[in-house]
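Since the structure is predicted, the reported quantities are computational estimates derived from the model, not experimental observations. A, B, ... follow the sequence lines: proteins, then strands. Residue 1 opens every chain.
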Amino acid sequence: MRLIIPLILLSGAAQGATLGINMQNTFFGSTNPFRDSTNGVLANGDLVQVGYFELGSAPAMDGDSFDGFVPISTSLGLPLGLSVGDNGEFSATVELDNALDVSTGSLTLQYALRFFDASSPAAATFFNTVTNSDWQFTFTATNPPPPNSEMLLDPVLGGGTVASSIWEGGAASAFGTTVPAEPIPEPSTALSALLGLGLLIGARRRK
Amino acid sequence: MNRLSLILASALVLPSFGQTVYTIPQGYTKVSIAAASSPTEPTLTAISATLMNDVEHAGAVTINADFDPDPDADPATPDSIQTITATGATWAANAFTTDPHLAYLVNSDGSEESFLIVSHTADTLTVSTSFNLLADTRFPASTTLKIRKANTVGSILGTTSTPFTVNDRIYIWTGSSWQTLIAVGGNWVYLGGPNNNQSATGAVIFPEEGIFVQRAETTAAELTLFGEVPSVAQASTVPGGSSVFVSTRFPVGSSPVANPTGIRLADLNIDEIPGWDSTDRAYFWTGSSWQTLISIGANWIYLGGPLNNTPANDLLVPPNSALFLTRATAGSESTSPFTVDPPYTVE
């Protein structure tokens, strides 16, 4: 990892430690746009979640499970996360606080981006997730603080990162939403299912 | 402070302009950035631009009692201003804002402080200042002014001829975090932050500002900076509760006399910032980590590291470098000047 290692190593962080991350798929006029399942660019406002894996549960190669992904939304200014801009472009700087944003005692985590073909997981048909072993960053409370860490997927700065990244949908799915989103039951549907289950159990007992 | 004459100081940094040092001490200084041992093991170097551009106007001025803390009534915009009227000036309006210029004003202690000119008329400058210049007698109402073109990211780090590549990083301290800059296609571009992906080539680098350079290329980089050597003490502001990355302000060291490789920590006058005490911290970048320094009873002490609890007054801070200062103590901006004396005397 080329990023700011000397400063990060100074950490000895406690609760309230922070971590800044610059992330983008576009830089200086060149973009690797996020795309939908038909290869069109994602719409402005489609959801991008920043999240993390515990180091032991991070996928190390294509085909590994991405079930350990934990999305962060608390400090990002939006209920669910961030969003895609025009033409499938995405860029953001986030300042995370470990006391507020992660539900783990681990200070070093592997970060990831999950992007959807809609503005919420519930409305999405497909999504994809990308992570990289270079995206292991550490919360720190040191002073002076370290410069921001980087998750770069753009063509200018991110060439090496793109080549070594792991995509939930496999290498061929890079930048595209190809993983089917599991439908989240509507509250009324879930209630009906519970009611049906209850009736079924009741009928069996009556027998 | 050593009794090096300005002529000597000039000679140390101005080998090719020896004919002019008696009147205008101009020349160049070289700033070296070490090569990375490998692309994954970058070096980090603290630098600053200590030489000033040519004087484009000099004369007497009156600082007007019209400090406006929020001219656009938008509390989110830190755009406080104050005006300065120059005696007998006949400038073309806003000629000093086409390219950014700084107004160097002499404060009540005789030190120079610089402020960005945001607009002007034929004889009145509007400068950006975060505090009332007349408060707490920081400046006298009548003082002297020099106007110089400001250094910018592009003028210091280079554009088309820059030694930096997209693998290197520049970090500028914003007051609360580091802003990343990258050289690409003959331009400097912000990476992250509110100006993400926008050009940073023309962004002003103030003379009191430190710069952190991360070199991932396996070749050393060298910057040759031209300009005028400061001939009087240089001041900036380190208010209470703030964190600043400050320049050492001068291109030569104070010690040892015969071969000035650094400025003694004690000669930087950090502990003379009004209100500075043992709860405040100075951080010196060793090349691989921050060394914490603490001032107790007018003596600097190493805090932590291999020299923990030993005297640090004689720590040599390289010329053209920077220190990170964090104040836990209180102090308004107008009462918190940080003044660095020249490590030579003008004769």
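- In summary, of the residues considered (W285(B), F212(B), W173(B)), a ring-ring contact (aromatic ring centres under 6.0 Å, His included) with F245(B) occurs for F212(B) alone.
- Between W178(B) and F324(B), the angle of the ring planes lies from 30° to 60°, which puts this pair in the tilted group.
- Using a 4.5 Å heavy-atom threshold, the side chains of F115(A) and T177(A) count as touching.
- The residue among V184(B), N196(B), T180(B), T43(B) with the most heavy atom pairs within less than 4.5 Å of chain A is V184(B).
- Both the backbone and the side chain of T26(A) come within contact range of chain B, with heavy atoms under 4.5 Å apart.
- Put simply, of N143(A), I21(A), T93(A), the one with the most heavy-atom pairs under 4.5 Å next to chain B is N143(A).
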Would you list the atom pairs, donor with acceptor, under 3.5 Å between side chains in residues 198-210 of chain B and any protein atom, with sequence neighbours excluded?
| residue | atom | partner | partner atom | Å |
| --- | --- | --- | --- | --- |
| S199(B) | OG | T201(B) | N | 3.3 |
| T201(B) | OG1 | W188(B) | N | 2.9 |
| E209(B) | OE1 | F206(B) | N | 2.9 |

